[in-house]
Protein chains: 4
Amino acid sequence: MATRPTRPAQRARYDARRDDLVRGAARVFAERGYDQTSIPELAEALGLGTGSLYHYVPGKEQLLIAICDQLMEPLLARVAELDQPDPAARLRALVRLWVAHVVEHRDHMLVFQQERHVIEHGAQWKSVRTSRKRFDRLLEDLLGEAGVADPQLAHWALLGMVNHTAQWFRPRGSRTPQEIADGYVDLVLPPTPPSVRPAGP
Amino acid sequence: MATRPTRPAQRARYDARRDDLVRGAARVFAERGYDQTSIPELAEALGLGTGSLYHYVPGKEQLLIAICDQLMEPLLARVAELDQPDPAARLRALVRLWVAHVVEHRDHMLVFQQERHVIEHGAQWKSVRTSRKRFDRLLEDLLGEAGVADPQLAHWALLGMVNHTAQWFRPRGSRTPQEIADGYVDLVLPPTPPSVRPAGP
Amino acid sequence: MATRPTRPAQRARYDARRDDLVRGAARVFAERGYDQTSIPELAEALGLGTGSLYHYVPGKEQLLIAICDQLMEPLLARVAELDQPDPAARLRALVRLWVAHVVEHRDHMLVFQQERHVIEHGAQWKSVRTSRKRFDRLLEDLLGEAGVADPQLAHWALLGMVNHTAQWFRPRGSRTPQEIADGYVDLVLPPTPPSVRPAGP
Amino acid sequence: MATRPTRPAQRARYDARRDDLVRGAARVFAERGYDQTSIPELAEALGLGTGSLYHYVPGKEQLLIAICDQLMEPLLARVAELDQPDPAARLRALVRLWVAHVVEHRDHMLVFQQERHVIEHGAQWKSVRTSRKRFDRLLEDLLGEAGVADPQLAHWALLGMVNHTAQWFRPRGSRTPQEIADGYVDLVLPPTPPSVRPAGP
DNA sequence: TATGAATGAGCCTTCATTCAT
DNA sequence: CATGAATGAAGGCTCATTCAT
């Protein structure tokens with residue numbers, strides 16, 4: 001069973017190991033598919049014995065949830081820290097970190113997209129659904145504030161293009177995530193005077 | 001086994017039945033997921049006995065392929081008939097029929113997106129992969145001809161937003177597929193004098 | 001269902017057809033195995049539609065029984081006609097027609113041997129078992145009368161070697177069935193003065 | 001899956017268990033038939049859970065192959081150790097150990113005979129076919145050396161009678177395997193002066 | 001913690017058989 | 001007589017999970 005150690009020192013090591021395993025599972029699932037990957041296969045790909053996995057995760061579906069949490073939580077945290085006063089600038093910053101997050105979590109994204117119907121219908125998936133809705137709402141509001149002509153359509157369009165980035169982005173490609181993000185923002189935002197446009201990190 | 005009748009009259013009925021079943025399977029898979037739907041469940045949802053399905057499709061994966069074919073082939077056929085001389089107008093027409101096709105085949109699209117990894121890696125999926133690549137190429141070329149600033153990025157962006165439409169579009173919603181398509185085109189195309197803009201069907 | 005016609009003329013044609021089908025089934029089963037051959041496969045190999053077979057035989061196991069009957073009955077009939085007064089001569093004649101029967105019914109024999117356990121244990125197989133026992137008894141008695149030293153062992157030995165002939169005999173081989181039969185008899189019989197030895201047909 | 005342990009100690013136990021299971025399967029198949037015995041039935045007869053069988057054998061047909069190997073390999077090994085200088089004596093010794101092997105492996109033999117067509121035609125059965133051919137060749141050569149009049153026919157006859165022994169021999173019967181073997185040899189060998197005849201163990 | 005043998009439910013698929021045409 | 005679509009039971013096999021070591 002998945003028993004988390006109580007001693008702080010061991011607990012830190014345990015949590016780190018668990019995070020690594022979840023990340024590894026995301027990679028394997030993205031490549032082979034969640035349902036197509038058996039637990040023995042997964043365990044072997046992670047360098048573990050069949051049953052050892054269960055020391056860290058209570059089951060296969062929980063593992064999937066953990067992958068989605070590992071994707072959503074840091075994204076929401078980073079978004080919460082945005083503090084640009086100008087809405088257009090905040091939007092651009094948001095899309096930048098969003099695209100960056102997507103390409104840094106390509107595997108998680110691919111798994112997330114494949115398992116759409118479980119996430120939408122599953123009983124244990126409420127928290128993930130809530131996270132996604134929070135992000136959606138936040139994005140749509142920001143698009144309105146930024147003066148986009150049709151915020152609702154822009155919202156759907158952005159969701160589509162940014163998330164889809166996971167499917168074609170290659171780390172050794174010719175564009176940086178930031179360039180891609182700026183390209184996306186330029187599509188939905190009315191032309192902005194360069195003075196307002198942030199310089200990027 | 002899936003034996004197609006030789007008599008033309010019976011063959012027509014057989015083919016029609018098969019198409020219906022494939023469409024029905026797309027609906028069921030979109031809702032419950034391909035792997036989560038067992039063959040008995042599927043057969044029952046289609047109003048068939050467990051084994052009767054195999055008169056029309058030789059196996060579960062072939063059924064998935066049939067769903068993708070039912071999605072891709074008519075789309076490519078409709079695209080091939082585009083004959084607008086002006087590239088921008090042709091692009092708009094393309095996106096219009098594309099969006100229309102996507103919302104008319106929502107179930108197929110959802111299944112298509114969920115099973116991305118099988119399609120990309122599976123041995124029997126070459127023809128589907130080829131269809132997708134043909135469409136990709138065609139779209140990117142057209143974007144270039146239409147004078148889009150960054151055709152490659154626009155291409156990825158359009159793919160993302162149009163395909164994603166399947167996930168949020170509701171038939172009783174406030175926008176028609178054509179309005180959505182025009183909204184997408186307006187995002188990627190430089191402003192067009194209204195005179196050139198086609199009126200729609 | 002297997003409905004035998006009542007009109008004598010049609011009945012003869014029906015019976016002939018049935019015999020042909022049973023013979024054909026023996027050939028197919030000998031080659032591919034009884035359990036490994038599905039009814040659709042068999043029907044196709046016989047040039048029939050899937051269900052047409054059931055006009056002649058009520059089921060797959062009955063078909064197997066019919067094959068065994070087609071093997072045993074004519075053999076017993078031919079054996080019953082033996083009338084050589086000298087036991088040794090009668091034994092030789094028996095083995096000759098037996099070997100001839102085996103090589104003429106190679107397929108039946110191979111099926112018969114493969115399905116030994118069904119024949120021994122199956123409920124509907126009593127008549128076949130009875131036929132076999134009748135033949136066994138008859139053979140052993142004759143061996144005793146012919147003055148073989150150890151009739152019981154010779155009986156088992158003959159059964160083994162003659163039946164096994166079905167597995168290696170080739171019609172284009174260098175030996176005739178009669179030569180083979182004489183070879184077998186010479187093994188179990190004490191040397192016989194040539195005067196008694198029959199000349200063969 | 002059938003994963004053989006790497007640790008020597010556990011591997012020995014695993015191999016022993018596997019051998020037992022294969023032997024048990026031979027018994028069950030001999031009694032009920034290979035195709036007539038379902039995997040759950042077999043597993044229950046062996047005292048295992050349905051899926052546990054697959055820790056030791058990768059599939060039902062592999063199990064059949066394992067049974068045939070368990071039959072052929074030790075026989076060939078024992079035959080290879082024969083060292084009687086006199087051919088006739090060597091033949092007698094061969095038949096003795098052969099008959100002994102057959103009656104000790106009655107179940108294996110019965111399965112082997114029933115599944116003749118799979119062995120002859122199956123793709124994975126080459127090694128078994130090779131073993132059988134090696135034995136055949138060896139036997140025929142030895143018959144020639146021993147001065148049998150018609151070595152080829154004697155070879156087929158011996159194969160038939162010895163193998164057939166599995167079908168009628170009963171452990172509590174009145175003859176020992178050695179007596180049976182000697183009876184067989186006396187059939188095919190010209191009368192031998194008792195001085196040469198070995199005494200038996 | 002780590003392991004991997006054991007489990008039984010559940011999967012996809014095949015099959016013998018029926019019956020409307 | 002002939003056909004082949006339809007069926008549901010049963011088959012072989014896989015899998016997520018457990019637990020003794």
Side-chain angles (χ1 to χ4, degrees), chain A residues 1-3 5 10 13-14 17 35 37-44 47-63, chain B residues 1-7 10 13-14 17 35-43 47-61 63, chain C residues 1-3 5 10 13-14 17 35 37-43 47-63, chain D residues 1-7 10 13-14 17 35-44 47-61 63:
Chain A
M1 215 177 310
T3 13
Q10 296 189 358
R13 268 227 325 249
Y14 176 92
R17 184 90 208 269
D35 284 289
T37 309
S38 75
I39 289 287
E41 274 175 9
L42 175 65
E44 198 201 350
L48 265 73
T50 311
S52 308
L53 207 52
Y54 287 84
H55 287 283
Y56 297 97
V57 185
K60 202 185 182 189
E61 192 170 2
Q62 297 297 328
L63 183 54
Chain B
M1 214 181 309
T3 3
R4 195 150 166 262
T6 39
R7 313 267 187 73
Q10 298 188 0
R13 269 230 321 252
Y14 176 92
R17 184 88 208 269
D35 285 290
Q36 283 69 29
T37 310
S38 76
I39 290 285
E41 275 172 10
L42 174 66
L48 264 72
T50 313
S52 308
L53 203 53
Y54 287 84
H55 283 281
Y56 298 96
V57 185
K60 203 187 182 188
E61 192 171 1
L63 183 53
Chain C
M1 216 178 307
T3 12
Q10 296 188 359
R13 267 226 327 247
Y14 175 93
R17 184 88 207 270
D35 284 289
T37 310
S38 75
I39 290 286
E41 272 173 11
L42 175 65
L48 266 73
T50 311
S52 308
L53 207 52
Y54 287 84
H55 288 283
Y56 298 97
V57 185
K60 201 186 181 189
E61 192 171 4
Q62 297 297 327
L63 183 54
Chain D
M1 216 180 310
T3 2
R4 195 150 166 262
T6 39
R7 311 269 187 73
Q10 299 188 357
R13 269 228 325 249
Y14 175 93
R17 183 90 207 269
D35 285 290
Q36 283 70 28
T37 310
S38 75
I39 290 285
E41 273 172 11
L42 175 65
E44 197 198 353
L48 265 73
T50 312
S52 308
L53 203 51
Y54 288 84
H55 283 282
Y56 296 97
V57 185
K60 202 186 182 189
E61 191 171 4
L63 183 54

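Convention: sequence-line order gives letters A, B, ...; per-chain numbering from 1. Below, all heavy atoms of this structure are taken into account, side chains as well, without hydrogens, waters or symmetry copies. Since the structure is predicted, the reported quantities are computational estimates derived from the model, not experimental observations.
- The distance from atom CG of C:Leu63 to atom P of E:dA16 is 11 Å, rounded to the nearest whole Å.
- With rounding to whole Å, A:Leu53 atom CG is found 14 Å from E:dG4 atom P.
- Annotation: of the two residues near DNA chain E, D:Arg17 and C:Glu41, the 5′-most nearest-nucleotide partner is D:Arg17.
- Atom CG in A:Asp35 sits about 12 Å away from atom C1' in F:dA16, given to the nearest Å.
- Summarising the geometry, the separation between CZ on B:Arg4 and C1' on F:dA5 is reported as 16 Å, rounded to the nearest angstrom.
- Here the CZ atom belonging to B:Arg17 is positioned 5.0 Å from the CG atom belonging to B:Leu48, to the nearest 0.5 angstrom.
- Between the CD atom of C:Gln10 and the C1' atom of F:dC1 there is a distance of 10 Å, rounded to whole Å.
- OP1 or OP2 of F:dG4 has not a single side-chain nitrogen or oxygen of B:Tyr14 nearer than 4.0 Å.
- DNA chain F is contacted by both C:Gly51 and D:Ile39; C:Gly51 maps to the nucleotide lying nearer its 5′ end (nearest heavy atom per residue).
- Considering every non-hydrogen atom in both B:Thr50 and B:Pro40, the closest pair reads CG2-CG, 4.2 Å.
- Residue C:Glu61 contributes atom CD, which lies 18 Å from atom P of E:dC15 at whole-angstrom precision.
- The separation between B:Gln36 atom CD and F:dA16 atom C1' is 14 Å, rounded to whole Å.
- When Watson-Crick and G-U wobble pairs are counted only if both distances are under 3.5 Å, F:dA20 pairs with E:dT3.
- Within the 4.0 Å cut-off from OP1 or OP2 of F:dA5, not a single side-chain nitrogen or oxygen of B:Ser52 is found.
- Pairing each heavy atom of A:Pro5 with each of A:Tyr14, the nearest pair is CD-CG, 3.4 Å.
- Looking at which nucleotide of DNA chain E each of A:Thr50 and C:Ser38 is closest to, the 5′-most match is held by A:Thr50.
- Checked by distance alone, C:His55 brings a side-chain donor or acceptor within 3.5 Å of a matching partner on the base of F:dA2.
- With rounding to the nearest 0.5 angstrom, the CD1 atom of D:Ile39 is 7.0 Å from the CG atom of D:Leu63.
- Ranking E:dA6, F:dA2, F:dA6 by closeness to the B:Tyr56 side chain, first place goes to F:dA6.
- For the pair D:Tyr54 and E:dA5, the criterion of a side-chain N or O lying under 4.0 Å from OP1 or OP2 is not met.
- Rounding to whole angstrom units, NZ of residue D:Lys60 and C1' of F:dG11 are separated by 8 Å.
- Between B:Gly47 and D:Pro40, it is B:Gly47 whose nearest contact on DNA chain F lies nearer the 5' terminus.
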Intermediate values then yes/no, side chain to side chain contact (heavy atoms under 4.5 Å, CB included), D:Leu53 and D:Lys60: CA-CA 9 Å; D:Leu53 203 51; D:Lys60 202 186 182 189; over 6 Å; no

